[in-house]
Amino acid sequence: MSLMRRRDFLALAGAAPLAAGAVPASKLAADPHRPQYHLLPAANWMNDPNGPIYWQGKYHMFLQYNPNGAFWGDMHWAHAVSEDMVHWKHLPVAMAPTPGGPDKDGVFSGCAVIDNGVPTIVYTGVNPESQCIATSSGDLTNWKKFEGNPVIAAPPKGMEVAGFRDPAVWKEGDTWLMALGSGFRGKGGAALLYESKDLRKWNYLHPLVTGHMKEGAKTKDPVDSGEMWECPDFVPIDGKYLLIISTERVVKYLLGSYNDRRLQPETAGGIDFGSYYAARTMANTGDRRILWGWITESRTDVAQRAAGWSGVMSLPRELKLYGSQVQMRPAAEVEKLRGKHLGTEAAGDCLEILAEIDPGDAPQAGLKLRAAADGSEQTLVYYDRPRKLLCVDRSKSSTDSSPDKAMQSGPFLLGRGEPLRLRIFLDGSVVEIFANDRFCLTARIYPAGTRSTGLGLYASAGTAKMLSFEAWEMKPISPDRLTS
Ligand code: DQQ
């Protein structure tokens, strides 16, 4: 973003009240690492997308939110609304823990559905982990928790689970089904399947599908070893069924057929290989499968608290099938954010980039981003042909020593003669990468130099060629997001 635009934004934000968390709005608005066109709260901590749903002509997004500061805890559901999935307006917090209630220690993740015309949230209350519901109407700003909560108080008798949370609910005929994030101790993650006629009385059926934890894993948190799956999401897609799960710090998918209420996976893969987690599709969008994810931070807890904000919502991602592969593209609505069209002179930290590259005989070919003229900072996004990987080299992404600069990568293979097609969204510290419509990696970088905005072709050796290149300045979304 140009200096001028950032100053305008600052002036608008200056009128905003101080958000709890006590970092002044002026500091938040001037923070070069804070995204300008991704959804995030006015201040403080956010994590998982919760209950995204299209309802009465508007897109509603709820998200895990801590009103007390830029650190995880005291989970609430924050709420934002949009007419186009890209410009958002914050609404008051939708749900807070109820003292003495089953969600007294946190309103954890869940989903939203429409039950005979009544918008209903199904979520996890803690502690212990139990499933609860709440209903609303109209603009979804007032939610009434069901007096009979929890609707599922505990795991099935005798079952030793590694976790019991994050319901995903859908309807088949007149029956509601729920996939619940869980796992069997010492074995591996699972999505437990429940059924109900009224969202209030639930009956356990069997696992929708199970997985295997890493062999010999000894981690403190069962999620890190794959013993527990968080945030399952189960949707039909182009004649198949897709289960999305968050585990081992990444978002994965299983794709296959669904018979007798069991998923038979045929293929598996990664939804994103970077700083991205707890993805969930939006309900009620007809045949469109719109996926949202939490873009996590790559800097220290101390840096997050000092900044006064933590976590970002991804751009909406549209999923389709291409053969047996999951195709992922930014939703078409994202193009509304495009501002000035730029050619090869493009530079900046608030851009969309579209580049087609012929790697030629270069073992590594791609783009150099957020580069300082003196070479002190740069981030590389490239295809590593010998290793069949798409990589993000963050080792020189910042002269500040504290952010995580580990290499990020995931399996990726170009066909014979197929060019590398990169679509990259730069937004402050966010780098959201789509490669050839079938691979995503979201990275976080925190360049220290405000002039680290250079862009160019990168090749380790050999004769990579830029086949086409264009970019757009991206327009900041409504300053409403600074005034919740
Ligand atoms: N975040 C929520 C849980 C979920 C986890 C708590 C995933 O419901 O399992 O904030 O990031």
Side-chain angles (χ1 to χ4, degrees), residues 48 108-111 113 122-126 128-133 150-173 175-197 199-215 217 219 221-237 240-271 277-281 283 324 326:
D48 317 351
F108 273 25
S109 289
C111 61
V113 291
V122 188
Y123 68 97
T124 298
V126 288
E129 289 174 346
S130 65
Q131 316 319 318
C132 301
I133 65 171
V151 291
I152 305 179
K157 277 225 167 63
M159 191 182 279
E160 273 219 38
V161 295
F164 190 64
R165 57 182 180 271
D166 310 336
V169 171
W170 67 97
K171 204 166 190 184
E172 290 175 19
T175 304
W176 290 104
L177 279 305
M178 175 198 291
L180 196 58
S182 191
F184 298 114
R185 287 244 176 255
K187 294 189 176 133
L192 303 181
L193 193 68
Y194 284 78
E195 68 172 356
S196 168
K197 290 288 178 209
L199 296 176
R200 283 148 182 83
K201 248 204 226 129
W202 291 91
N203 177 30
Y204 174 65
L205 296 175
H206 48 249
L208 174 65
V209 66
T210 54
H212 301 284
M213 64 190 285
K214 278 192 217 154
E215 242 168 76
T219 56
D221 186 336
V223 180
D224 288 342
S225 64
E227 191 183 22
M228 154 78 190
W229 289 351
E230 294 181 301
C231 300
D233 195 70
F234 188 59
V235 287
I237 182 167
K240 299 255 174 214
Y241 283 81
L242 182 68
L243 178 73
I244 295 172
I245 51 165
S246 292
T247 189
E248 296 176 56
R249 296 177 187 251
V250 288
V251 182
K252 306 180 181 188
Y253 72 83
L254 298 172
L255 178 71
S257 55
Y258 174 60
N259 297 307
D260 303 326
R261 300 210 161 128
R262 290 176 201 267
L263 175 69
Q264 282 92 33
E266 289 155 12
T267 47
I271 288 284
Y277 200 67
R280 191 177 277 274
T281 56
S324 58
V326 178

- Note, W170 side chain near V235 side chain (heavy atom, < 4.5 Å): no
- Query: Judged by atom type as modelled, is there a donor-acceptor pair below 3.5 Å linking the side chain of S196 to the main-chain atoms of K201?
  - Reply: yes
- Message: Quick one, I244 and V251 - any side-chain contact, counting heavy atoms below 4.5 Å?
- Response: yes
- Query: With side chains defined as the heavy atoms from C-beta onward, is the minimum distance between C231 and D48 less than 4.5 Å?
  - Reply: yes
- Message: Run K214 and E227 through salt bridge (charged side-chain N to carboxylate O under 4.0 Å, His left out) and show every step you take.
- Response: CA-CA 8 Å; K214 278 192 217 154; E227 191 183 22; over 6 Å; no
- Message: Taking the side chain as everything from C-beta on, heavy atoms only, tell me whether L242 gets closer than 4.5 Å to D233.
- Response: no
- Message: Can you list everything that forms a side-chain hydrogen bond (donor to acceptor under 3.5 Å, both in side chains) with N203? Sequence neighbours excluded, please.
- Response: E195
- Message: Please enumerate all residues that pass ring-ring contact (aromatic ring centres under 6.0 Å, His included) together with Y194, with sequence neighbours excluded.
- Response: Y204
- Item | Criterion side chain to side chain contact (heavy atoms under 4.5 Å, CB included) on L263 and F234, from CA distance to verdict | CA-CA 10 Å; L263 175 69; F234 188 59; 4.0 Å; yes
- With sequence neighbours excluded, what pairs up with E160 under the side-chain contact (heavy atoms from CB on, under 4.5 Å) test? R185
- Contacts of D260 that satisfy side-chain hydrogen bond (donor to acceptor under 3.5 Å, both in side chains) - sequence neighbours left out: none
- Item | Note, R262 side chain near Q264 side chain (heavy atom, < 4.5 Å) | yes
- Just jot down the salt bridge (Lys or Arg N to Asp or Glu O under 4.0 Å) partners of D224, sequence neighbours excluded, or say none. R249
- Item | Under the side-chain hydrogen bond (donor to acceptor under 3.5 Å, both in side chains) test, residues paired with K197 that sit two or more places apart | D174, T175
- 4.5 Å side-chain heavy-atom contact, R200 and I133: yes
- E172: salt bridge (Lys or Arg N to Asp or Glu O under 4.0 Å) partners, not counting sequence neighbours: R261
- Message: Just to verify, what does E230 make a side-chain hydrogen bond (donor to acceptor under 3.5 Å, both in side chains) with, not counting sequence neighbours?
- Response: R165, Y277
- Query: Rounded to the nearest 0.5 Å, how far does CH2 of W229 lie from OG of S182?
  - Reply: 10.5 Å
- Residues passing the side-chain contact (heavy atoms from CB on, under 4.5 Å) test with V126, sequence neighbours excluded, are D105, F108, T124, E129
- Message: Using the side-chain contact (heavy atoms from CB on, under 4.5 Å) criterion, which residues pair with K252? Sequence neighbours excluded.
- Response: I245, T247, E248, V250
- Message: Once ring-ring contact (aromatic ring centres under 6.0 Å, His included) is applied, do any residues pair with F184, and if so which ones, sequence neighbours excluded?
- Response: none
- Any residue meeting side-chain contact (heavy atoms from CB on, under 4.5 Å) with P150, in chain and number order, not counting sequence neighbours: P102, S130, C132, A153
- Query: Tell me, do L192 and L208 make a side-chain contact under 4.5 Å, heavy atoms counted?
  - Reply: no
- Would you mind reporting whether L177 and V169 have side-chain heavy atoms less than 4.5 Å apart? no
- Once the angle between the rings of Y241 and Y258 is folded into 0 to 90°, is it parallel (under 30°), tilted (30 to 60°) or perpendicular (over 60°)? tilted
